Amino acid sequence: MPLPTPTLQTVRLRLRAFEDTDASDLFALHSNADVLRYWDSPPWSEPARAEKFITTCRQMAQEGTGARVAVERVSDGAFIGWCSLTRWNPDYRSAALGYCYSDAAWGHGYGTEAARALLRWAFDTLDLNRVQAETDTRNVASARVLEKLGFLREGTLREDCTVNGDVSDSWVYGLLRREWRP
């Protein structure tokens, strides 16, 4: 069952489906080693990866497994990153939250604002009961975003990935519908 990609707007941000014209901004984001320093995959070196990413976003929506949206500032239309709900399971009423933002967007509350809008859509429109998220234990800023949204740290996945050649732990966070405070 296809899952329509939402178009959402907050006071400062617009969340929308990816467009082909986002490829260069997306490549700039994912080729930045500082942005990806806690990711379990290296920065992109091939611009074609951005086009493949956009195609995957569309396939995800078509297959009904999730929604990944571009995030842009309303004031100037600048692409600042993306936010997603993946591993959507309508039977279990669950999904996983993910996001990635340019370093110029850090520290402005954009990640929290965009995720809050996507979570509102998830709980209200998709009728989810649970959203899960994971972050590298060294990524304190990402953990802070999740905690501001009401997520609770549920555990640690020990040595579950390799980041920049180092074995790393991840924290698992969960947010239940009854705990959600829009």
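From a predicted model like this one, the values you see are computed outputs, not experimental measurements. Numbers for residues simply follow the sequence, beginning at 1.
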Identify the heavy atoms of [X] and [Y] that sit nearest to each other, and give their distance.
| X | Y | result |
| --- | --- | --- |
| E19 | I54 | O-CD1, 3.5 Å |
| G174 | E179 | O-OE1, 4.3 Å |
| L85 | A95 | CD2-CB, 4.1 Å |
| D169 | D160 | C-OD1, 3.7 Å |
| A33 | P43 | CA-CG, 3.7 Å |
| A96 | R87 | CB-NH2, 3.3 Å |

Going through the distances and angles, do R116 and L149 end up as a side chain to side chain contact (heavy atoms under 4.5 Å, CB included)?
CA-CA 7 Å; R116 184 172 283 122; L149 292 165; 3.8 Å; yes

From [atom1] ([X]) to [atom2] ([Y]), nearest 0.5 Å:
| X | Y | atom1 | atom2 | result |
| --- | --- | --- | --- | --- |
| N129 | R178 | CG | CZ | 7.5 Å |
| W171 | T135 | CH2 | OG1 | 8.0 Å |
| L119 | R181 | CG | CZ | 13.5 Å |
| T10 | L13 | OG1 | CG | 4.0 Å |
| Q62 | T65 | CD | OG1 | 10.5 Å |
| C83 | L8 | SG | CG | 9.5 Å |

Take V145 and Y99 through the side chain to side chain contact (heavy atoms under 4.5 Å, CB included) test and state the conclusion after the steps.
CA-CA 10 Å; V145 166; Y99 43 82; 3.9 Å; yes

Is the shortest side-chain heavy-atom distance between [X] and [Y] below 4.5 Å?
| X | Y | result |
| --- | --- | --- |
| E134 | L157 | yes |
| Q9 | V74 | yes |
| N89 | R93 | no |
| T7 | L15 | no |
| W39 | C100 | yes |
| R73 | I80 | yes |
| W88 | E63 | no |
| Q132 | L97 | no |

Whether D124 and R177 form a salt bridge (side-chain N of Lys/Arg under 4.0 Å from carboxylate O of Asp/Glu) is what I want to check.
no

Sorted by chain and number, sequence neighbours left out, side chain to side chain donor-acceptor pair (under 3.5 Å) with S94 holds for none

Pair S168-Y38, side-chain donor/acceptor within less than 3.5 Å
no

Tell me yes or no: between the side chains of D136 and S170, is some donor less than 3.5 Å from an acceptor?
no

Ring geometry between Y173 and F151 (parallel below 30°, tilted from 30 to 60°, perpendicular above 60°)
perpendicular

Geometric class of the F53/W82 ring pair [parallel <30°, tilted 30-60°, perpendicular >60°]:
tilted

By the side chain to side chain donor-acceptor pair (under 3.5 Å) test, which pairs, at least two apart or in different chains, include something from residues 45-61?
D20-R58

Backbone N or O of [Y] within a donor-acceptor pair of the [X] side chain at under 3.5 Å?
| X | Y | answer |
| --- | --- | --- |
| E147 | L152 | no |
| N32 | L29 | no |
| T162 | G165 | no |
| R16 | V69 | no |
| W106 | Y101 | yes |
| Y110 | E72 | no |
| R120 | P182 | yes |

Other than V140, what residues sit in its cluster of Ile, Leu, Val, Met, Phe, Trp and Tyr side chains whose heavy atoms are under 4.5 Å apart, directly or through others?
none

Single-linkage hydrophobic cluster [X]~[Y], side-chain heavy atoms < 4.5 angstrom:
| X | Y | value |
| --- | --- | --- |
| L176 | L118 | no |
| V131 | L126 | yes |
| M60 | W121 | no |

Is the count of non-hydrogen atoms from other residues, nucleotides or ligands lying under 6.0 Å from E159 atom CD greater than 12?
no

